[in-house]
Each structure stands twice: as C-alpha cells, then as structure tokens.
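Taking it in order: structure first as structure tokens, then the write-up.
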Amino acid sequence: MADLSPIQNGEAIPLRRQVSLTAQLAVPAILAQLSSIVMQYIDASMVGRLGADGAASVGLMSSSLWLFWGICSAVTTGFSVQIAHRLGARKPAEARVVVRQGITSVIVVGLAMALVGLAISRQLPGWLGGDESINAGASLYFAVFVAALPMLSLNYLAGGILRASGNMKVPSLLNVAMCLLDVVLNWFLIFSTRELSVFGHEMVMPGAGLGVLGAALGTAGAETIIACAMMWYMLTRQKDVRLSGAERGSFRPTRPILHRAFKISVPMTLEHAIFCGAQIMITVIVAPLGVVAIAANAFAVTAESLCYMPGFGIGDAATTLIGQSYGAGRRDLVVRFCHLTVGLGIVVMTFMGIILYWGAPVMMEIMTDVESISSLGIEVLRIEAWAEPLYAASIVAYGAFVGVGDTMIPAIMNFGSIWAVRIPLAAIMAPTMGLRGVWIAMAAELSFRGGIFLWRMWSGKWIPAK
C-alpha cells in the first residue's frame with residue numbers, strides 16, 4: 001500500500017517522490033483495469049464463437065449495461081471522495097462514518113437500478129432496433145446482469161474506499177481473481193459438453209450449453225463472489241476505514257453526508273447517463289447497418305478498451321493523490337499531481353494507440369472467427385488509434401477534477417462534446433460511410449474533448465477554495 005502520510009503530515013515532497021507515489025498507485029490501478037478489460041475480452045471471445053447472432057445479442061446490450069453500471073459507480077464516488085478528504089485531513093473516525101452511510105446508500109441505489117432494469121429487460125432490445133433473431137438472447141443477457149447490480153454496487157464502493165485509502169493492490173488482486181473465475185464459470189456455462197485432448201488423453205468436459213445466457217451468469221457470478229471478498233477486506237482489514245473493532249456507529253444516512261455525496265455524484269451520474277444515452281443512440285444508428293456492423297462495433301469497442309485502460313488506472317491514482325492533497329489543504333500538490341498524472345496518461349496512451357493500430361488484426365482474431373466482422377473491426381480500430389493521446393488527457397484530467405469534488409463543469413463538458421460533436425457527425429456519416437463513419441465521428445469527438453479538458457486544467461479554475 002502506498003504511504004500517503006507525507007501528504008497528510010505536510011512534508012515537502014520532491015518531484016522524484018511524487019513520481020514514485022503516482023507509480024505506486026497507478027500500476028496496481030492499471031492492473032485492476034486490465035483485469036476488467038481481460039474479462040470483457042473473455043466474454044467477447046467466448047460468445048464470439050457462437051456466431052454472429054450470439055455476438056450481436058451481447059453487443060446490442062453493451063451500451064445499456066454501461067448506463068446501469070456507470071450510475072451505480074458514480075453514486076459510490078460521492079462517498080469515496082469524502083473518505084479521501086477526511087483521511088487526508090487525518091480524521092479516520094469521520095471517514096468511518098461515511099463508510100457506514102455509503103454502504104446503506106449504495107445498496108438502496110443498486111436495488112432500485114436492478115428493479116428498473118428488470119422491468120424494461122424484455123422490451124429494451126426492440127427499442128434499440130434489434131432483429132427478432134437476437135432479441136430473446138439479448139433480453140436474458142441484460143436481465144441477469146442488472147439483477148446482480150446490488151452486489152456490483154458494493155464491489156464498486158469497497159474498491160473505491162480501498163483506493164481512497166491508498167490501497168490499490170487488494171482491488172487489483174481481487175479483480176485478477178474475478179477474471180479467472182469468469183473464465184472457469186463461462187467455460188462450463190456457455191458451451192455444451194465436449195471432448196478435449198489433453199497431452200494425448202481424451203477428456204469429457206461437462207457444460208451447460210447456455211450460450212449468451214451462460215456468459216451473463218458466469219460474469220455476474222464472478223462479480224458477486226469478488227464483491228463479497230472486497231467488502232470483507234475493507235470492513236475487517238483496511239487501516240483507518242475498517243469497521244471491525246472500531247467505534248459503534250449508525251448506518252442510517254444523514255443529511256450533511258448525503259448532501260455532499262449528492263453534490264459530487266449527481267453531476268457524474270447525469271453525465272454518465274447522458275454519455276450512455278449517447279452510446280445507446282450510436283447503437284440505434286449502427287443497428288440498421290446489420291448484424292455484422294453491430295457485432296463488429298461491439299467487438300471493436302471491447303478491443304479498444306485495452307488501449308484506454310491505463311488512462312482510467314492513472315485517473316484513479318490521480319483521484320486518490322489529489323483528493324488527499326486537497327483534504328490536507330495542499331493546493332501546490334493538487335496542481336503538481338494533476339499535471340504529472342495527465343502527462344503520464346498521455347504518454348502511456350500514445351504508446352497504447354500505436355499498439356492498437358498495429359495489433360488490431362490480432363485483437364479482432366481473438367474476438368471472432370467470422371471474417372466479415374473481423375475485417376470491419378480492424379478498420380475502425382485503426383481509425384480510433386489516432387485519438388488515444390487526447391482521449392488520455394480527458395480521462396486523467398477528469399479523475400483529477402473528481403479528486404477535489406469538481407464534477408459539475410466536467411460533466412457539462414462531456415455532455416456537450418458527445419451530443420454536439422459525436423452524435424451529429426455519426427448520424428450524418430453512417431448512411432454513406434457505414435460503421436467507418438461512426439468511428440471517424442468518435443475519434444473526432446474524443447480529440448475535441450481532450451482539448452477542452454486540457455484547457456480547463458491549465459486554467460486552474462477547477463480547484464475550489466476551501
């Protein structure tokens with residue numbers, strides 16, 4: 001676990017030490033993001049072996065699932081940021097008060113989101129323009145995932161609290177374990193019983209043969225198990241925030257903490273809802289292009305996530321470092337950590353963009369063995385690779401702004417960028433250029449968004465007065 005006491009104690013921190021702290025937090029966070037992306041690769045590649053219809057069933061629901069996941073994640077951020085501020089100010093007892101109230105709040109939100117998702121699960125594929133051949137599988141896939149939202153919300157909360165405390169290693173290790181569980185569960189749930197040859201010996205591997213439904217059950221099961229492990233560690237082992245052996249306190253939410261969580265989370269929630277609404281609009285734009293375009297779009301989105309994964313990991317590190325620096329009243333460190341993490345994110349994601357461009361054929365080969373889907377996916381991935389450096393700037397700067405609780409203006413920036421640039425361009429270009437036009441619009445918008453986030457970072461207006 002990274003030692004953040006120099007920030008809390010007001011010690012001078014030279015550049016070399018700043019870089020070291022950033023690396024200690026960023027590397028495990030990147031690995032945690034990597035494990036999440038690997039799990040998406042696993043699901044995509046396994047379902048991709050079921051053919052174009054199975055792949056399209058999953059791809060059709062991806063943007064809607066991101067909407068539900070993101071809302072639950074944004075709600076947990078309102079509590080984890082408050083905890084980072086209190087730990088930075090050396091007030092662990094107050095941090096534990098926020099932990100208790102956060103647990104209650106995210107369970108309520110997770111249950112509410114699950115009920116909404118289940119209520120619309122049967123109609124949603126049709127609303128998105130899905131073909132009758134894939135709608136039944138898509139509906140089941142979505143319903144299983146949203147049913148697990150209460151546990152997934154607790155996983156987000158525990159992971160966020162551990163990161164706010166400076167502990168990136170445990171969430172990373174547990175996310176790796178989640179990947180392994182996902183592989184095992186998917187293996188037995190997606191495919192039917194089959195014979196395998198292992199070192200010359202024939203073995204019969206049992207399987208449920210549930211297809212798309214099996215993919216959802218496997219991933220949801222893995223996430224639920226890891227959520228339990230993450231909560232156990234946070235509640236019993238993590239210094240300063242563990243409730244085991246600590247003073248007694250109420251789990252009933254109070255107005256001041258809810259108000260602050262509301263102020264932080266609501267702009268993020270609305271921004272994410274609007275963002276995912278835009279993604280759903282993209283799905284609606286892509287759906288008339290046919291099953292191949294739907295599948296290629298979904299697989300390319302998953303493949304590209306390998307590229308921006310380091311950006312989100314560095315963004316998580318930025319949130320922790322800047323949150324604790326702000327809580328300790330050290331504006332100088334807030335600015336320095338912001339510039340350092342954003343610069344690091346741009347460098348790393350530029351390198352990942354190069355990998356994306358040249359490695360696109362390998363990535364798509366992992367996803368699917370359908371030639372038409374693979375070749376289209378390669379084309380759009382190479383378009384997107386050019387946007388990765390500025391996309392990094394927006395991701396990491398956003399994480400830095402969240403660290404000080406500045407979420408309203410960045411949310412508006414994201415909203416304006418997507419709806420004023422991406423959606424109109426995609427709608428104009430899709431009828432004549434197909435999926436390629438949609439991804440050109442995406443690359444243009446990501447570059448524009450990175451530019452406006454850099455402008456706000458350099459202005460310094462994102463740091464509120466204490």
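Counting from 1, the numbers follow the sequence of the chain as shown.
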Does [X] reach the main-chain N or O of [Y] with its side chain, forming a donor-acceptor pair under 3.5 Å?
X	Y	value
Thr104	Phe251	yes
Ser244	Thr236	no
Glu384	Val380	no
Ser165	Ile161	yes
Ser394	Phe453	no

With sequence neighbours excluded, residues passing side chain to side chain contact (heavy atoms under 4.5 Å, CB included) with Phe262 = Val266

By ring-ring contact (aromatic ring centres under 6.0 Å, His included) - contacts of Phe142 (at least two apart) = Phe68

What class does the angle between the rings of Trp462 and Phe401 fall in, given that below 30° is parallel, 30 to 60° is tilted and above 60° is perpendicular?
-> tilted

Decide if atom CE of Met231 counts as having more than 12 heavy atoms of other residues, nucleotides or ligands within a radius under 6.0 Å.
-> yes

Exceeds 12 heavy-atom contacts within 6.0 angstrom, atom NE2 of His339 | yes

Looking at residues at least two apart in the chain, or sitting in another chain, which of them share a side chain to side chain donor-acceptor pair (under 3.5 Å) with Gln18?
-> none

Salt bridge (Lys or Arg N to Asp or Glu O under 4.0 Å) with Arg330: which residues, sequence neighbours excluded?
-> none

Who are the salt bridge (Lys or Arg N to Asp or Glu O under 4.0 Å) partners of Arg260, not counting sequence neighbours?
-> none

Of the options Leu174, Leu181, Leu180, Asn175, which is the one that meets Met178 in a side chain to side chain contact (heavy atoms under 4.5 Å, CB included)?
-> Asn175

What about the rings of Phe145 and Trp69, do their centers lie closer together than 6.0 Å?
-> yes

Pairs meeting criterion ring pair (Phe, Tyr, Trp, His ring centres under 6.0 Å) with involvement of residues 75-118, two or more places apart = His85-Tyr326

Donor-acceptor side-chain pairing of Asn167 and Gln238 below 3.5 angstrom | yes

